Amino acid sequence: MNCTGKILSFLLLSMCLTFLSITTNAQNQTFRGTVVDTSGSPILGASVFVKGTSFGTTSNSKGEFTISAPSNAILSVSFVGYKTREVSVGLGSPLKVILVPLNIALNSVVVVAYGTQQEKDITGAVSVVTSKQIAQRPIVNLGEALQGQAAGVDVVSNSGKPGAGLTIRVRGSSSISAGNDPLYVVDGIPMSDISTLDPNDIASMTVLKDAASAAIYGTRAANGVVVITTKKGIPGKNTINFSGYYGISSTTRMLPVLNANQYQAYANEQKGQTVVTDSMVRANNINWPGQVFQDGHQQSYQISFSGGNEKTQHYISLNYMDQVGIIKPANYNRLSGRVNVTTQAAKWLKLSTNTTITQSHTRDVTDNASVAREGVVLSALETPPTVPEFAPDGTIGINPLTGWENPLGAILGRYNKNLTDRLLSDVDAQVKIYKGLQFESRFGIDYGNFTDTYFLDPFLTSFGRQTEGQQSRTTTTNLTWLSEQLLSYKANWGKSSFSALAGWTAQDSHTLGTTISGSFLKPAFRFLSWDAMYQRDSIKQPGTTAVDDWALISYLGRISYSYDNKYLLQANIRQDQSSKFAPGNRSATFPSVSAGWRISQEKFMQNVSAISDLKLRASWGQNGNQGGIGSYSYLPLSNVNPVTGAVTAATIAPESLTWETTSQTDIGVDATLFNGILSFSGDYYFKKTKNVLINIPLPSQAGFSTAPVNAASMQNTGEEFLITSKNIDKHDLKWNTSLNISFNQNKITRIGEGIKFMNAYGGIYTRGNSIALVQGKGLGEFYGYIADGVDPQTGHQLYLTQKGTKTDNPLPSDRVLMGSAQPTFVYGLNNDVNYKRFTLTVFIEGSQGNKIFNAGRLEAEAMVNSANQSEAVINRWQKPGDITDMPGVSTNGSTNNSLISTRFLENGSYLRFKTITLSYEFDPKVLSGIGLRSATAYVSANNLFTVTKYKGFDPEVNSYGTPGNSNDDRNISLGVDNGAYPQSKMIIFGVNFNLK
Amino acid sequence: MKNKMKYMLASAGAFVLFGMTSCNKLLDKMPQTQVVTQTGKSASVTANDAENLIAGVYDAETGYAYGLESNVLDKITNGDVRADNCYAGGDNPDNISIDLFTDNALNGNIARDWRDSYGIIGVINSAIQQISGSTDPALTSARKNQMLGEASFMRAYTYFYLVRLYGRVPIMLKPVDQTNSESLISSTLVPQSSTDTVYHAILNDLWYARQNVQNDNVPSTKEIITKGAVNSVLAKVYAAMPTPNWDSVAYYCDQVIPNYSLVPDYTWLWDNNHKNNSEAIWEFNYIGYSKVGNWIPSQFIGAGWKKFETPTNDLVNAFQAAGDNIRFNASIAFVNYGWADPYWKDVNHYPIVVKYNDPNSGTNDFYALRLADILLLRAEAYNQAGDLANAANLVNQVRARVQLPPVSPNSKDAMEAAILNERRLELAFEGKRWFDLVRTGNAVSVMNAQKDGNGNNLNYNVQPYMLVYPIPQTQLDLNPLLTQNQGY
C-alpha cells in the first residue's frame with residue numbers, strides 16, 4: 001500500500017469512528033453533588049459518569065461536581081483505589097456519594113499501552129511495579145526496580161560498577177543478533193535508555209509481557225514493553241516532599257591471593273630460575289586486592305513539589321544522586337529536574353507536558369579485561385605482591401617480566417569520563433470532540449548530548465610514555481522526535497462497553513558523533529585540564545564524524561469490547577514502516593487478539609464465597625523486533641580512511657534483511673480469594689520467533705567477520721506465578737507476603753543456512769571460545785572439556801576424551817556441552833511486616849540452575865606466567881607422587897593445564913537478601929507542631945547476605961552484557977565472569993519528610 | 001458548537017495529513033560517513049572511487065587497517081622466533097609456545113595471522129571486483145589495469161605467506177556472493193586446496209600483476225608495487241615451492257637486480273634518513289603517529305618490562321663467528337635493563353633487537369622486499385646450477401658492503417651453507433629465517449640442534465609436521481569443510 005492509500009484508509013477509519021459517536025440525545029437536567037471518603041473527607045478528581053454514556057465530569061477539591069443528565073439517570077462514581085459506586089440522580093440534589101476504599105488490588109487502575117485500564121478488565125499479561133516498591137531502596141538505574149518484583153522479567157546487573165547497566169529480559173530472549181532489551185515508553189515516548197530517569201519521579205512501571213498487550217508497539221514489541229509513567233500532581237493535595245539517603249558500600253567478598261613469599265616460590269618455579277629475589281620480597285609485599293578495594297558510598301536527595309487545583313496540576317522535582325564505587329575512581333552522579341503540568345485549558349481541551357532534564361557524570365574504570373588489557377579487577381588479583389606502587393622515578397610500578405602495570409595503571413594512569421545531558425519533553429493535547437470521541441495529539445523530543453573523554457598519562461604509564469600520552473574525546477548528540485495523533489472513542493450500550501483507538505505516529509532520530517584525538521604531550525603538561533593538554537598535544541589525529549539516522553512511521557488501531565463485565569475482548573493492529581530496511585521491504589503489520597472471562601461474575605459463582613474474583617485470560621498476537629539492527633545493516637558498507645581517503649570493504653549484507661517476528665500465545669488466570677486475603681496470578685506462554693537475525697560468524701576467508709541473515713528460529717516457553725497474601729491484617733500488625741517465580745525455557749529451534757553448531761562466543765583471553773550456539777539448545781550453552789583430576793606423575797591437568805580415557809592433551813573433538821548460563825527459574829520474595837509505626841521489609845531475590853564460567857579464576861590458577869595467582873595454587877602439584885586437584889606450573893607456554901573446561905564452570909545459583917529495610921513513621925500529631933505532615937526514617941541493608949556456591953566475587957555477573965560488546969555477545973555470551981567490577985553490599989540511612 | 005467541532009476536526013485532519021505526506025522521504029536514510037559498496041553486477045565505481053579502493057588495499061596490506069600486529073610484529077615472530085634467531089622474550093604464552101614448538105590450534109597469534117591475512121584478501125577481492133566493474137571513462141584502462149595488477153600482487157603475496165605458514169589453505173579469489181543469505185554463507189564455506197593449487201593461484205595473480213604494474217623506480221615511494229616487487233616474489237615463490245624451479249628463480253632475479261643497488265652503508269637501511277632507498281624493492285612506509293606509526297619497535301626496545309623477540313645465543317655466536325660487527329651492531333644491542341632469563345643469565349648483558357630503533361615516534365619502515373634478499377637468492381640459483389663462481393661473486397657483493405672478506409666455498413653444499421648463513425646475518429629480524437630453513441630442508445635439524453648459552457641442547461623436539469602451523473580451532477569450528485593439519 002502506498003502512502004496515499006494509507007492516509008485514505010486512516011481517514012476512513014476516523015470517519016467511521018465519528019459516525020459511531022453519533023448517538024441519541026435525551027432531555028438533560030443539571031445535578032450537583034459531593035464525593036467523600038468514609039471519613040467524610042472530600043475526594044478530588046473522582047470520575048462521575050452518566051451510566052451507559054461516556055459523558056462525565058470530575059469532582060473538585062471540595063469533592064463537588066456538577067453534571068448534566070437525564071432525570072432517570074444513574075451516575076457511576078469512581079476514583080483510583082476506591083470501589084466504584086452507582087447512584088441514581090433521583091436520590092436528591094445535592095447528592096452525597098461515599099466511596100469505600102478497596103483492598104482488592106484487582107480493581108486498581110493500570111497504565112497500559114496508549115492509556116489505562118482497570119486491572120479487572122485486562123486480558124493480556126502485565127506486571128506492575130509501583131512507586132511504593134521503588135521507595136526506600138538505593139536504586140540507581142530504574143531497571144533495578146524490576147528485579148525480583150515482576151514475574152517473567154529477569155534482571156541481571158552486569159557488574160557492580162557505579163552507573164553500570166542491566167541485562168533485562170522479558171520472558172526470555174527472542175533474538176540472537178538483534179536486541180533482546182525491552183522497549184521503554186516513558187510518558188508516551190518510546191526509547192531504549194532509561195538510565196537518566198530518577199527513580200523518585202516514577203509513579204508506575206507496567207511490563208507488557210504477552211503479544212496482545214504489546215502488539216500496538218509493532219516492530220519494537222517482541223521483547224516486551226515497559227510503560228513508565230512519572231508522578232503527577234494530585235489536585236488539592238499541595239505537598240512539599242523531601243527524601244534522601246546516605247549509604248556506605250563494601251565488597252561482598254575478597255579473593256585471597258599469594259603473598260610475597262608464596263609468590264616468590266611460585267614465580268621462580270614457573271620461570272625455572274630466580275626472577276623474584278629475596279630483596280624484591282623484602283622491599284614490597286603488597287596485597288593488591290586489599291589495596292584496590294575500598295569503601296564506597298551512595299547518596300540521593302530529592303525535593304518535590306506537587307499539587308494543584310481542579311484545573312491545573314503540577315509535579316516539580318529536583319533530584320541529586322551520587323555513587324562512589326568500591327574500586328576507585330569509578331563513580332557516577334546525576335542531577336535531574338522535572339516539571340510535569342496538566343491543565344484543563346478549556347472544557348474541551350486538556351494540555352499536559354512532562355519535561356525532565358538530566359546531567360550525569362560517569363568516571364569509568366576498565367573491568368572485564370585481563371591484566372594485560374588493564375582490567376582493574378584481574379590486575380588486582382594478578383599483580384605480583386613484589387611490584388611496588390611506584391618505581392623510583394615516580395612512574396607506576398610494573399611486573400618486570402610482563403610490563404603489565406599494577407592496578408594503579410587503571411586507577412591513576414588514565415581516565416575515561418562520560419558526561420551526559422539529556423532532555424525529555426512532551427506536549428500533549430487532548431481534545432474532546434464529541435461524546436466519547438477524543439482526539440489526542442502528542443509531540444515529544446528526546447535530546448541527548450554525550451561526551452566521552454579519555455586521557456592516558458604520558459609519564460605514569462608505560463604505554464603512555466611510548467606515545468607520550470593519549471587523549472580522545474567523542475561528542476555525540478542525538479535528537480529523536482515523536483509525533484502521535486490518536487483518535488479514541490468510548491461508548492456503552494446496555495451491558496456492552498466499547499472502545500476504539502486509531503492513530504498515526506512518526507518517530508525520527510538523528511545522531512551525530514565527532515571524535516578528536518591527540519598524543520605526544522610533554523609530561524610537564526600532564527596536570528592541566530583535558531582541553532589545555534589537547535591544545536598542547538604535538539600530534540593530533542584527524543577528526544572523524546559518525547552519523548546515524550533512522551525513522552519509523554506507523555498506523556495503529558485497537559478495539560475493546562466487554563459485555564456485562566464478564567466477557568472481555570480486545571484486538572490490536574499496528575503497521576510500521578521502518579527506514580532500517582531496504583525500500584520495498586520496509587512495511588510490517590502486527591495483529592493481536594485477546595479475551596477474558598470473569599468467571600466470578602457468572603451467576604453460578606455467586607455462592608462461592610471463597611472466590612472474590614476469578615478471571616481466565618487468553619491472548620495471541622505477533623510482535624516485531626528491529627532493536628539492535630543497525631540503521632544501515634541492509635547495505636554492504638565500506639570504510640573511508642580519514643587520512644588517505646582509502647576505501648576498504650567493511651561489512652556485507654543481504655538486501656533482504658528484515659525484522660524478526662514473534663508469535664506468542666498466552667493463557668493466564670487471575671484469582672482473588674477470601675475477600676482479597678490471597679491473590680494469585682499465573683501465566684503460561686509459548687513464543688515462537690521466526691526470521692531471527694543472526695550475524696553468522698564467517699570463516700576468515702570470507703574477508704568479513706560476520707554476515708547478518710534472518711535465518712534462525714527461536715522458541716521460549718514459560719510459566720510465571722505471582723502470589724500475594726495478607727497473612728495478618730490487624731489494626732496494629734500487618735504482614736503481607738508476595739512471591740513471584742518465573743520459569744523460562746529458551747530453545748534455538750533453527751540456526752539456519754545448514755548450520756547446527758557454532759563455537760564462536762564467550763571468548764576467554766588466550767583460551768578460545770567458551771560458548772556455543774547449538775540448534776536445539778538455549779542461548780549461553782557452555783562448551784569445553786571435561787576436567788578429570790591431575791596426573792600425580794606429571795602434574796598435568798587431565799581431561800576426559802570421547803572414548804572415556806584421560807589425557808593431558810585433548811583433541812578439540814573431546815569438547816562437550818557443559819551446561820547452560822540460563823537459570824531454570826528466577827524468583828523474588830517480599831515480606832512486609834508493619835507493627836504500629838514500624839515497617840520491616842525483607843526482599844529476597846534469586847536465580848536457580850544457572851552456570852557461570854569463572855574466567856577470572858582461570859587466569860588466577862593458570863600458572864603459565866609471572867602473574868600473581870590465587871591462594872588456591874599453594875596446593876599445586878610440585879613433584880611426582882603429589883596427589884592434588886591443582887595442576888603444577890606450566891613452564892613451556894602451554895595452556896593445556898587451564899583449558900576451557902568444567903574445572904572453571906561453576907554453579908551460579910544464588911539466593912540474595914536484596915534489601916532488608918526497617919522504617920519508622922513518626923506520629924503526625926507530634927510532627928504537625930514542627931510543620932510536617934509526615935516523616936519516615938529508615939535503615940536499609942542491601943545485598944547483605946548472598947547464599948551461593950560461586951567462587952568468584954559475586955554470582956550476579958555478566959561480563960559480556962556491558963555496553964561495548966556486540967549484540968551477539970550480549971545475547972549469547974551469558975554467564976561469563978571475565979573479572980567484572982563486583983557487586984557491593986551497602987547499608988543506607990534515609991529519611992522522608994512531607995511538609996504541610 | 002457545531003462549527004467549532006468542524007474546525008477542530010478539520011485542523012486535526014490537516015495536522016495528520018501534514019505529518020503523513022512527507023512519510024516516504026522521512027524513511028530514506030543513507031549512511032553519511034561510510035560508503036555503500038558497489039556489489040551489483042552492473043555497478044560501476046568512479047575513477048576517484050577506484051583510486052580510494054586501491055588505497056584501501058594498501059592500507060590493509062601495510063597494516064593501517066589491521067593494527068600492525070599481524071602485518072609487522074607477527075611477520076618477525078613467525079620468521080625469527082619460530083626459527084633460531086630469537087627466543088620469544090616477554091611473558092606471553094602464545095609467543096612462548098611458538099618459540100618452543102608447543103603451540104596448538106588455540107594459539108592467539110596463529111589465529112590472528114589467519115584472520116588478518118584473509119581479512120586483507122577479502123578487502124582485495126572486493127576492490128578487484130569493484131574496480132574491474134568500473135565503466136567511468138575518467139579511469140583509463142592503463143590505470144585500471146595497473147590498480148588491478150597491484151591488488152593481484154598483494155593477494156598473491158598474502159597467499160604466499162599463508163601457504164608457507166599453514167600449508168593447505170582455502171582459496172577465495174572472488175568476494176562472497178551476496179545475492180541472498182544462502183549464497184552468502186555457502187560461498188564462504190570453502191575447503192582447503194592443495195599447496196600446488198594455492199601456488200598455482202599465486203602464480204596466476206603474479207603473472208597478471210607483472211603485465212600491468214608500473215616499472216621499477218617510477219612511483220614516488222617504494223610502497224607502490226612495481227615490476228621489481230612482482231619479479232622478486234616470483235623468484236621467491238619458485239624457490240619456496242615444494243619442487244623449486246631454480247631456472248625461474250634465476251630468471252626473475254635477473255629481472256630485478258639491474259634496477260636496484262645496495263646502499264653503500266648497511267646502517268642507512270635502518271637510520272630512517274634513507275627511506276625508499278635504491279635497495280628497497282617493496283617498503284612499508286610508516287611516517288609516524290600523525291598518520292600511522294609503527295609501534296612494533298616499542299615491543300623490542302626499552303627498559304621496564306621484558307620485551308619480545310630476544311636474540312638467541314646461536315645468532316649472537318653466528319655474528320661473532322663471522323666477525324660481522326657492522327650488521328651485528330645494526331641488529332643487536334646488549335643492555336642492562338634489569339632482567340635475565342635461563343637463556344641470558346647476566347643481568348648486565350642482555351640482548352635486544354635494535355634493527356628497528358625508534359620505539360617512540362613510530363617512524364621505522366618495514367622492508368617486505370629488498371635487493372640483498374634477491375642477490376642472495378640469485379646466488380642460490382647459481383649454486384643450484386653449479387656456478388659456484390657467480391654465486392660467490394654475489395655473496396661477496398653483500399659481504400663487501402659490511403666490510404667482510406670474500407668467501408669462496410668450494411662445494412655446492414658448502415656454498416649452500418654459506419649463502420644460508422649470509423642470508424641469516426643480512427636479513428636477521430626481517431621475518432625471513434624460518435622460511436629459509438623450511439625451504440632448504442634444514443628446519444628440523446637446525447632447530448633440534450639448538451643449544452643454550454652453556455652448550456646444553458634446548459630439546460625443541462621439532463617434528464616434521466611442525467613445519468606448518470595448526471589450522472586455528474576457531475576456523476575449524478566455523479567452517480566444517482576445513483581439516484586440521486596432520487600431527488596437530
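Letters A, B, ... are given to chains in the order of the sequence lines, protein chains preceding strands, and every chain is numbered from 1. In what follows, every heavy atom counts, from backbone to side chain, and hydrogens, waters and symmetry copies are set aside. From a predicted model like this one, the values you see are computed outputs, not experimental measurements.
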With respect to chain B, which residue among [options] yields the maximal number of heavy-atom pairs within a distance under 4.5 Å?
options                                : value
A/Leu698, A/Val864, A/Ile652, A/Asn896 : A/Ile652
A/Ala653, A/Ser894, A/Pro708, A/Pro542 : A/Ala653
A/Ala649, A/Pro697, A/Ala711           : A/Pro697
A/Ser578, A/Ser638, A/Gly518, A/Ala546 : A/Ser638
A/Val640, A/Leu637, A/Val709           : A/Leu637

Contact origin within [X] toward chain B - heavy atom pairs under 4.5 Å:
X        : answer
A/Ser631 : neither
A/Ile696 : side chain
A/Asn641 : side chain
A/Ser705 : neither
A/Asn892 : both
A/Tyr783 : neither
A/Thr895 : side chain
A/Leu657 : neither
A/Phe581 : neither

So, the side chain of [X] versus the backbone of [Y]: is there a donor-acceptor pair under 3.5 Å, distance only?
X        : Y        : answer
B/Ser126 : B/Gly122 : no
B/Asp358 : B/Ser361 : yes
B/Arg155 : B/Leu173 : yes
B/Ser298 : B/Trp295 : yes
B/Asn479 : B/Val190 : yes
A/Ser579 : A/Ala551 : yes
A/Arg586 : A/Lys580 : no
A/Glu484 : A/Trp504 : no

Counting heavy-atom pairs closer than 4.5 Å to chain A, which one of [options] comes out on top?
options                               : answer
B/Gln484, B/Lys307, B/Met30, B/Glu51  : B/Met30
B/Ser97, B/Pro31, B/Pro93             : B/Pro31
B/Asn125, B/Asp49, B/Leu53            : B/Leu53
B/Asn107, B/Ile98, B/Val176           : B/Val176
B/Asp94, B/Asp341, B/Thr474, B/Ile120 : B/Asp341

| Sub-6.0 Å ring centroid separation between B/Tyr343 and B/Tyr87 | yes
| message | Tell me whether the rings of A/Phe443 and A/Trp481 are parallel (<30°), tilted (30 to 60°) or perpendicular (>60°). | response | parallel
| Is it true that A/Asp508 and B/Lys29 have a side-chain N and a carboxylate O under 4.0 angstrom from each other? | yes
Examine whether an atom of [X] lies under 4.5 Å from a heavy atom of chain A, and if so say whether it belongs to the side chain, the backbone or both; otherwise answer neither.
X        : result
B/Pro342 : both
B/Ile121 : neither
B/Asn360 : both
B/Asn48  : neither

| Measuring from B/Asp91:CG to A/Trp404:CH2, what's the distance to the nearest 0.5 Å? |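 Rounded to the nearest 0.5 Å, the CG-CH2 separation comes out at 6.0 Å.
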| query | Any idea which heavy atoms bring B/Ile124 and B/Ala151 closest together, and the distance? | reply | CG2-O, 3.4 Å
| remark: What one should report as the nearest heavy-atom pair of B/Leu478 and A/Ala760 is CD2-CB, 4.1 Å
